[in-house]
**Q** 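There's a structure below that I have some questions on.
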Amino acid sequence: MVTDCLFCSIVGGEVPADIVHSDARTIGFRDINPQAPVHVLVVPRRHIVNASTVSERDGADVTAMLMAAKSVADREGIGGEDRGYRLVFNVGHDAANSVAHLHLHVMGGRPLGWPPG
Ligand code: DGP
């Protein structure tokens, strides 16, 4: 746990969040500023800064994040072949990455279009 990390504080239960998924390596909670009807952030319990700092030692956590995202999507009703969803890692300034704790955006529930705005 890293002091002054918002998502570490959510993992630790010090900051409240609408948690929709929890397992040994990850939690998933609803984004405070949703950009789609379903917008969940999946984060590793262990502090990792962002996708550009991921190394081989983080492999189990990253795999767990992808599995958690699928589980969230299925439970939220957007995982079927007739639906679909977007998974996003923002990295750095130009991507408006605002929280320095790795998080996977799981977004869906409406047609999202491509490219994103
Ligand atoms: P990013 O731009 O990829 O760093 O996304 C960070 C997201 O985190 C952004 O969509 C808003 C969300 N967020 C920021 N603060 C909070 C919070 O306190 N609670 C929750 N649930 N989400 C937050």
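All values below were derived from every heavy atom in this structure, side-chain atoms included, with hydrogens, water molecules and symmetry-related copies excluded. First listed ligand is number 1; within each ligand, the first listed atom is number 1.
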**Q** Just go through Leu6, Asp31, Asn33 and tell me whose heavy atom is the nearest to atom 11 (C) of ligand 1.
**A** Asp31
**Q** Less than 3.5 Å between some nitrogen or oxygen of Ala95 and one of ligand 1, yes or no?
**A** no
**Q** Evaluate side-chain contact (heavy atoms from CB on, under 4.5 Å) for Leu41 paired with Phe7, printing each intermediate quantity in order.
**A** CA-CA 10 Å; Leu41 303 174; Phe7 289 174; 3.7 Å; yes
**Q** Show, in sequence, the C-alpha distance, side-chain angles and deciding distance for Ser71 and Asp74, and conclude whether the side chain to side chain donor-acceptor pair (under 3.5 Å) test is met.
**A** CA-CA 5 Å; Ser71 173; Asp74 287 346; over 6 Å; no
**Q** Just by modelled atom types, is the Val20 backbone N or O under 3.5 Å from a matching donor or acceptor in the Arg75 side chain?
**A** yes
**Q** If we only count N/O pairs under 3.5 Å, is Val99 in contact with ligand 1?
**A** yes
**Q** Asn90 heavy atoms, cut-off 4.0 Å: which ligand 1 atoms fall inside?
**A** 1 (P), 2 (O), 3 (O)
**Q** Within the 4.0 Å heavy-atom shell around Leu41, which atoms of ligand 1 are there?
**A** 7 (C), 8 (O), 12 (C)
**Q** Can you tell which part of Asp18 has a heavy atom less than 4.0 Å from ligand 1: side chain, backbone, both or neither?
**A** neither
**Q** Hey, any chance Val11 and Val62 share a hydrophobic cluster, counting ILVMFWY side chains that come within less than 4.5 Å of each other, even indirectly?
**A** no
**Q** Could you tell me which atoms of ligand 1, counted from 1 in the order shown, lie closer than 4.0 angstrom to a heavy atom of His103?
**A** 1 (P), 3 (O), 4 (O), 5 (O), 6 (C)
**Q** Using side chain to side chain donor-acceptor pair (under 3.5 Å), reason through Arg46 and Thr26 one step at a time and then give a plain yes or no.
**A** CA-CA 8 Å; Arg46 201 166 58 81; Thr26 75; over 6 Å; no
**Q** Can you tell me which portion of Phe7 lies within the under-4.0 Å heavy-atom range of ligand 1? Options are side chain, backbone, both, or neither.
**A** side chain
**Q** Less than 4.0 Å is my threshold; does some heavy atom of Ala96 fall inside it relative to ligand 1?
**A** yes
**Q** Which is closest to atom 3 (O) of ligand 1 by heavy-atom distance: His105, His39, Gln35, His101?
**A** His105
**Q** Just to verify, which of His103, His105, Met107 counts as forming a side chain to side chain contact (heavy atoms under 4.5 Å, CB included) with Asp31?
**A** His105
**Q** Is a side-chain donor or acceptor of Arg86 paired with a backbone partner of Gly113 at a separation under 3.5 angstrom?
**A** yes
